[in-house]
There are 2 protein chains.
Amino acid sequence: MTKVLVVDDEPQIVRALRINLAARGYQVLTAHDGAAALKAAAEGRPDVVVLDLGLPDVDGTEVIAGLRGWTTVPIIVLSARTDSADKVEALDAGADDYVTKPFGMDELLARLRAAVRRSTTSAGDGEPVVKTASFTVDLAAKKVLRDDTEVHLTPTEWGILEVLVRNSGRLVAQKQLLKEVWGPAYATETHYLRVYLAQLRRKLEPEPSRPRHLITEPGMGYRFEP
Amino acid sequence: MTKVLVVDDEPQIVRALRINLAARGYQVLTAHDGAAALKAAAEGRPDVVVLDLGLPDVDGTEVIAGLRGWTTVPIIVLSARTDSADKVEALDAGADDYVTKPFGMDELLARLRAAVRRSTTSAGDGEPVVKTASFTVDLAAKKVLRDDTEVHLTPTEWGILEVLVRNSGRLVAQKQLLKEVWGPAYATETHYLRVYLAQLRRKLEPEPSRPRHLITEPGMGYRFEP
DNA sequence: ATCCGCGTTGACGGGTTCTTGACGGCCGGG
DNA sequence: CCCGGCCGTCAAGAACCCGTCAACGCGGAT
């Protein structure tokens, strides 16, 4: 879950942000002055900071500098000042974005999504690794490990395994599997599935004839069981 | 030198930006419609894109999507529309920032600096030097050492190696590799990869015919193993 | 003008992967 | 009891992909 630190001394702004962010599945931390903001950031390790420049105790740029000393977390500045010089100052101090009050909640949320997307896609993985008792699937690296050694899969084998793993625990209809791996024209070639599921089991299951993770649901489809 | 691609159909805006950017030491590319923008981005490899949404040929979000298909270069959107929905749409399509016209040049430049700073520091963090049993890659210095002597790589060879090393351990699809090194138009020229991977292996692998670090995954792509 | 480095393109051999057919086991219904 | 689906297994030829070598053209440097 994405963690947002909201720093503002106006209670109604904090409340509005907290409600809107929480409703969209964000975890929200708050602080109402600069000192508390630095403390909260250090302890809570937010994924993004929304920072009002008009704080009671310290200048906003000092908060930015304080954060930038040790973290590259995205900072979105809120401010009532529309003056261009203020924006330049904040951005050059290390802020990532600058939104003037009064702001549209939709826009702020969109800018927040953009900031989070940037930082997570460049930092890389969101933990796409699935483990079972006998093998491990790494979706991002497209790797499969069994007993700490890599198992080589062909493109088709990987395609099937990926669809099943992404629907972990759920039943995937044969038609759906065929369409996603071979394309819509092959929706009835159920024989392909039999051949490739057998290959996958031979490579991954401890006892291929008695599968424990790549399960057949007769007449319906297949299911991956972690 | 930082390279900026300016996309706008209004000549006076392009001129103003070109002058201001050049005066601050940026290298400036320009395009006046969406098609030219995608072409210029593929060929010129800018470090940041300034994109006007009101282009004559295609919708601005399509240009964003076209870029995001193969690059994570920062995109700063310019637009005369102040409507919140437009901003949300552009940001969610993959833009990094949104500035409404008329804009202050100081502010735009500050946002541009912020965007470039972000992309260079986040890309540069982590270890810029990657070592394997037989050679060492220095991403920052663009150098490769083998047995303590420098190995000379051509620009294309380096481009491939860099993409692979930045995705260390992960499989990189042939399409992705081609798009990032040669540009989106070359996404199917898999033969290029075979030729260049062979050259890289000849230069870097102790036993080129039995590669241990530059691995082929048939039908899928290539992988760098440290 | 000539040479050299580099990117591009074609041809070919060898290996892997996909497709397809055949066969047998299991199960429920006629 | 027999039969028709459905599934798993095996094997073989076709299709595809990869690595390698070599030739060509272009541009910059000598």
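Protein chains get the first letters and strands the later ones, always in sequence-line order, with residue 1 at the start of each. These numbers come from a predicted model, not from an experiment.
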Requested in this report: Answer yes if the side chains of D147(B) and T149(B) hold a donor-acceptor pair under 3.5 Å, and no otherwise.
Outcome: no
Report summary line: Rounded to whole Å, CH2 of W158(A) lies from P of dT17(C) at a distance of 15 Å
Query raised in the report: Under 6.0 Å between ring centres, would you say that holds for W158(A) and Y196(A)?
Result: no
Report task. Remember a base hit wins even if backbone is also touched, and classify Y186(A) as base, sugar-phosphate or nothing at under 4.0 Å, heavy atoms. Result -> nothing
Query - Toward the 5' end of DNA chain D, by each residue's nearest nucleotide, R202(A) or G221(A) - result: G221(A)
Report task. In whole angstrom, give the distance that lies between atom OH of Y196(B) and atom C1' of dC18(D). Result -> 17 Å
Query raised in the report: Of the nucleotides dT9(D), dT17(C), dG19(D), which has the atom closest to the H152(A) side chain?
Result: dT17(C)
Requested in this report: Figure out the CD/P separation between Q199(B) and dT9(C), and round it to whole Å.
Outcome: 15 Å
Query raised in the report: Do the side chain of K3(B) and the main chain of V28(B) share a donor and acceptor less than 3.5 angstrom apart?
Result: no
Query - Nucleotide of dG8(D), dT20(D), dT19(C) approaching T216(A) most closely (side-chain heavy atoms) - result: dG8(D)
Query - Side-chain N or O of W182(B) closer than 4.0 Å to phosphate OP1/OP2 of dG7(C) - result: no
Query - Flag, side chain of R212(A) to backbone of E225(A), donor-acceptor distance under 3.5 Å - result: no
**Report entry** Nearest listed nucleotide, side chain of R194(B), among dT8(C), dG7(C), dC18(D)
**Finding:** dC18(D)
Query - Whole angstrom value for the distance that separates P of dC17(D) from CD1 of I215(B) - result: 21 Å
Query raised in the report: If only side-chain N and O atoms of Y192(B) are considered, is one of them under 4.0 Å from the OP1 or OP2 phosphate oxygen of dT9(C)?
Result: yes
Query - Per T154(B) side chain, nearest of listed nucleotides dT19(C), dT9(D), dC6(C) - result: dC6(C)
Requested in this report: Please state how far atom NZ in K203(A) lies from atom P in dT17(C), giving the value in whole angstrom units.
Outcome: 7 Å
Report summary line: Per nearest nucleotide of DNA chain C, the residue lying toward the 5' end, H191(A) or L153(A), is L153(A)
Report task. Over 60° means perpendicular and under 30° means parallel, so classify the ring planes of F135(B) and H213(B), tilted if in between. Result -> perpendicular
Report task. Please work out if T190(A) contacts a base, only the sugar-phosphate, or nothing of the nucleic acid, heavy-atom cut-off 4.0 Å. Result -> nothing
Query raised in the report: Using a cut-off of 4.0 Å on non-hydrogen atoms, how would the nucleic acid contact of E157(A) be classed: base, sugar-phosphate, or nothing?
Result: nothing
Report task. Figure out the CG/C1' separation between L200(B) and dC6(C), and round it to whole Å. Result -> 14 Å
Query raised in the report: Among dT9(D), dC17(D), dT17(C), which nucleotide sits nearest the side chain of V195(A)?
Result: dT9(D)
Query raised in the report: Taking for each residue the nucleotide of DNA chain D bearing the nearest heavy atom, is the 5' side occupied by Q174(A) or by M220(B)?
Result: Q174(A)
